[in-house]
Amino acid sequence: LLDHPSDIYPHFYCEYTKNQDCPKKNKNATNNKQQNNRTMSEKSAPLIANCDVTSTKNKDIYDAWATNYEKDVREWGYSLPEKVAEVLKGYIPTLATKKNDSTITTDNNDSNSNSNDDDGDDSIIRILDAGAGNGLSGLALRNAVAATTTTSSSATNTTTTTNGKSFKCHLSGNDISPAMLAIAKSRNCYDDLRIVDLNNDTTNDTNANTNLPYETNQFDVIACTGTLTYIDPNKSNLLREFARMVRPGGIVCYTNRTDKLELWKDVESELLVSEEGSSGGGGDGD
């Protein structure tokens, strides 16, 4: 679990923490004050510190922001995709599994898949970039995979590690914003991409434990960078879904903004207790 440091978005984070206790009736006044204090380059981006957990609103914000998103966040000093990838890099060679491993489920129903996972006898590592946005995280994850290897073939998507072990990487991604995903697709680093709302309200869903469109034990690694800010921990079953979707012994790595950590503590504690007492599937919530 990586904490989201307060200096990731310095231009709005300080304003948010100073005003987070303001009554809702003063929200417009607070927004106006924040807007007036921002530079011209900052005004091209939305004040995402004030975003809530309403999926349609956040979809609209990121659809409208997609073209300028990378420029804006890089100007803010945003490097979390690379930091997450760096953390995961050391685990990648050891997590690659044989394709005939019975604990792994491959989703063969994805019409957008560009993978040739069924060819040959190489091992494979399956990674999900949950909340992929415009693909910054996917690109960083691909680079992390490449950094663990001595040779790499883009034609076959095969890499060879320093210990001579060969494996392929299948990288899946999802996001709620079609405009962001269109940019992610143009990076050519994903094997499949889907429009998925990670903030589905599962409070009235009798099948809430399997509400995301992925199979049980499908992934070796699930990475979720800069996304939990927009998820309601009291309604979404996201972390439990991650535990279902990652294979036994796999890794879930997610980030959260520091002012949101307390909101997730109960969910995390309940999930850890549940997983420790279970002898079934599910991975490690590292």
Side-chain angles (χ1 to χ4, degrees), residues 1-14 16-17 20 45-46 48-53 55 58 61-62 65 69-70 72-74 76-92 95 127-145 171-177 180 184 189-190 196-199 212 219-234 236-243 245-246 250-269 271-272 283-286:
L1 173 64
L2 301 180
D3 292 350
H4 204 312
S6 59
D7 60 354
I8 291 295
Y9 303 118
H11 81 271
F12 74 78
Y13 187 89
C14 293
Y16 176 77
T17 53
Q20 61 180 327
I48 60 176
N50 286 332
C51 290
D52 58 22
V53 292
S55 298
N58 291 323
I61 286 172
Y62 278 88
W65 192 16
Y69 173 82
E70 183 171 1
D72 289 336
V73 298
R74 291 308 196 189
W76 300 346
Y78 181 68
S79 59
L80 204 54
E82 290 75 22
K83 291 179 180 179
V84 169
E86 183 65 25
V87 168
L88 292 172
K89 183 171 68 175
Y91 296 95
I92 287 173
L95 288 171
I127 303 175
L128 174 65
D129 181 12
N134 74 342
L136 289 179
S137 294
L139 190 60
L141 289 167
R142 278 289 183 194
N143 289 338
V145 171
L171 180 59
S172 301
N174 63 53
D175 200 85
I176 196 172
S177 167
M180 293 285 275
C189 60
Y190 292 95
V196 175
D197 181 4
L198 298 176
N199 199 35
L212 293 181
F219 300 102
D220 302 288
V221 176
I222 297 177
C224 185
T225 305
T227 301
L228 291 192
T229 299
Y230 309 104
I231 307 297
D232 186 342
N234 297 315
S236 174
N237 209 23
L238 185 60
L239 295 191
R240 186 169 293 280
E241 278 295 273
F242 284 171
M245 289 151 44
V246 74
I251 288 179
V252 175
C253 181
Y254 58 89
T255 70
N256 214 339
R257 219 169 61 197
T258 49
D259 60 298
K260 301 283 187 177
L261 293 177
E262 286 294 326
L263 298 177
W264 286 88
K265 278 191 174 181
D266 288 345
V267 176
E268 291 168 343
S269 297
L271 184 58
L272 287 173
D284 298 332
D286 293 345

If every non-hydrogen atom of [X] is compared with every non-hydrogen atom of [Y], which pair is closest and at what distance?
X	Y	result
S55	N199	OG-CB, 3.5 Å
T227	C224	CB-SG, 3.6 Å
A144	A85	CB-O, 3.7 Å
G133	A184	O-CB, 3.6 Å
T225	P81	CG2-N, 4.0 Å
F242	V252	CD1-CG1, 3.8 Å

Atom pair [atom1] ([X]) and [atom2] ([Y]), whose distance is rounded to the nearest 0.5 Å:
X	Y	atom1	atom2	result
N174	L128	CG	CG	5.5 Å
I251	I222	CD1	CD1	11.5 Å
T255	K260	OG1	NZ	12.5 Å
M180	I61	CE	CD1	11.5 Å
L95	I127	CG	CD1	8.5 Å
S236	L212	OG	CG	7.5 Å

Full working for side-chain contact (heavy atoms from CB on, under 4.5 Å) between S172 and F219
CA-CA 9 Å; S172 301; F219 300 102; 3.7 Å; yes

Passes side-chain contact (heavy atoms from CB on, under 4.5 Å), V145 versus L171? Steps please.
CA-CA 10 Å; V145 171; L171 180 59; over 6 Å; no

Checking side-chain contact (heavy atoms from CB on, under 4.5 Å) for the pair Y230/I176: CA distance, chi angles, key distance, verdict?
CA-CA 11 Å; Y230 309 104; I176 196 172; over 6 Å; no

Is it true that E86 and K89 make a salt bridge, defined as a side-chain N closer than 4.0 Å to a carboxylate O?
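Yes, this pair counts.
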
Start with the C-alpha gap between L238 and L228, add the side-chain angles, then the distance that decides, and say whether side-chain contact (heavy atoms from CB on, under 4.5 Å) holds.
CA-CA 9 Å; L238 185 60; L228 291 192; 3.6 Å; yes

What I'd like to find out is whether the side chain of Y254 reaches to under 4.5 Å of the side chain of W264, using heavy atoms alone.
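Contact flag for Y254/W264 side chains = no.
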
L141 side chain reached by V221 side chain, heavy atoms, under 4.5 Å
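Side-chain contact under 4.5 Å: no.
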
Give the intermediate values and the outcome of salt bridge (charged side-chain N to carboxylate O under 4.0 Å, His left out) for residues E268 and K265.
CA-CA 5 Å; E268 291 168 343; K265 278 191 174 181; over 6 Å; no

Using atom types as modelled and distance alone, determine if a side-chain donor or acceptor of R257 lies under 3.5 Å from a backbone N or O of L261.
no

Would you say the side-chain atoms of D129 pair up with the backbone N or O of G138, donor to acceptor, closer than 3.5 Å?
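Confirmed, D129 side chain pairs with G138 backbone.
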
Which of parallel (below 30°), tilted (30 to 60°) and perpendicular (above 60°) describes W65 and W76?
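Geometry flag for W76 against W65: tilted rings.
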
